[in-house]
Amino acid sequence: MSTADTVVMAVFAACGGCVTALAGLTGLRQTRRIERTGVRAWALVKPNPEARGEDPPSPRPLLQFSTEAGQVVEIASPVPTTRRRPLRDGNTLLITYDPADPGSIVVHNRERRLLDYGFIAAGTLVLLLALVLVSLAAL
């Protein structure tokens, strides 16, 4: 592989790494902002009618809650149901929503910060790989 090919590959890897790390940072920032400035509410877990015909069924049920202004909001859960922590129909969950955009919510104790940190770590590793490729091309 020529030096120019290595540099081009390193540039593409650096761009991909930056986008991945920024996605993780953005998700983490959004979660923290909603937790800091949001309003807490109890949400009712409801079955997702769009998922009835799917095979396998969608792991994201609907969450219904009322805002402080009395508006009833029904959105798909931002976190999937898992075997260890199922979201069963009729259960209630504590959430925090953004008053300016009630569709942006954080479900307490299910924030998925580990996923955001994983994106940050993966993006950083790819960025470091790009730097190694550039340094090898310079030799």
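Note that OG1 of Thr81 and CG of Asn91 are 9.5 Å apart. Values are rounded to the nearest 0.5 Å. For the atom pair CE (Met9) and CG (Leu129), the distance works out to 8.0 Å, reported to the nearest 0.5 Å. Taken from CD1 in Ile34 to CZ in Arg29, the straight-line distance is 11.0 Å, to the nearest 0.5 Å. To the nearest 0.5 Å, the span separating CG on Leu87 from CZ on Arg60 amounts to 10.0 Å. Atom CG of Leu136 is separated from atom OG1 of Thr6 by 8.0 Å, given to the nearest 0.5 angstrom.
The shortest non-hydrogen separation linking Pro102 to Pro99 is CD-O, 4.0 Å. Contact between Ala137 and Val7 at its shortest, heavy atoms only, is CB-CG2, 4.0 Å. When every heavy atom of Ala130 is checked against every heavy atom of Ala14, the shortest pair comes out as CB-N, 3.6 Å. When all heavy atoms are compared, the tightest approach of Ala13 to Val126 is O-CG1, 3.1 Å.
Every pair passing ring-ring contact (aromatic ring centres under 6.0 Å, His included) that includes a residue from residues 90-123 is listed here, sequence neighbours excluded: Phe65-Tyr97. Among residues at least two apart or in separate chains, salt bridge (Lys or Arg N to Asp or Glu O under 4.0 Å) pairs with a member in residues 62-82 are Lys46-Glu74. Here salt bridge (Lys or Arg N to Asp or Glu O under 4.0 Å) pairs that include residues 130-139, with residues two or more places apart or in two chains, number zero. Residue pairs meeting the ring-ring contact (aromatic ring centres under 6.0 Å, His included) criterion with at least one partner in residues 15-48, sequence neighbours excluded, do not occur; the list is empty.
A search for side-chain hydrogen bond (donor to acceptor under 3.5 Å, both in side chains) contacts involving Thr20 returns nothing, not counting sequence neighbours. Every residue meeting the side-chain hydrogen bond (donor to acceptor under 3.5 Å, both in side chains) condition with Asp98, not counting sequence neighbours, appears here in chain and number order: Arg33. Shown here are the side-chain hydrogen bond (donor to acceptor under 3.5 Å, both in side chains) partners of Asp101, two or more places apart in sequence or in another chain: Ser104. Evaluation of the side-chain hydrogen bond (donor to acceptor under 3.5 Å, both in side chains) rule for Glu35 yields Arg113 as partners, not counting sequence neighbours.
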Checklist line | Leu63 vs Val107, side chain to side chain contact (heavy atoms under 4.5 Å, CB included): CA-CA, chis, key distance, verdict | finding: CA-CA 10 Å; Leu63 299 179; Val107 180; 4.0 Å; yes
Next item on the list: Before giving the answer on side chain to side chain contact (heavy atoms under 4.5 Å, CB included), spell out for Ile120 and Leu25 the whole-Å C-alpha distance, their side-chain angles and the decisive distance to 0.1 Å.
Entry: CA-CA 7 Å; Ile120 294 167; Leu25 287 169; 3.6 Å; yes
Item checked: Stepwise side chain to side chain contact (heavy atoms under 4.5 Å, CB included) test for Val39 and Thr67 -> CA-CA 8 Å; Val39 178; Thr67 64; over 6 Å; no
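Clustering of Ile, Leu, Val, Met, Phe, Trp and Tyr side chains at separations under 4.5 Å places Phe12 together with Val8. When hydrophobic side chains of Ile, Leu, Val, Met, Phe, Trp and Tyr are connected at separations under 4.5 Å, Leu62 ends up as a singleton with no cluster partners. Hydrophobic clustering, defined by side-chain heavy atoms of Ile, Leu, Val, Met, Phe, Trp and Tyr closer than 4.5 Å, groups Leu131 together with Leu128. Under a 4.5 Å side-chain heavy-atom criterion applied to ILVMFWY residues, the cluster that includes Leu44 comprises that residue alone.
Under the 3.5 Å distance criterion, the side-chain polar atoms of Arg110 are matched with a main-chain donor or acceptor of Arg85.
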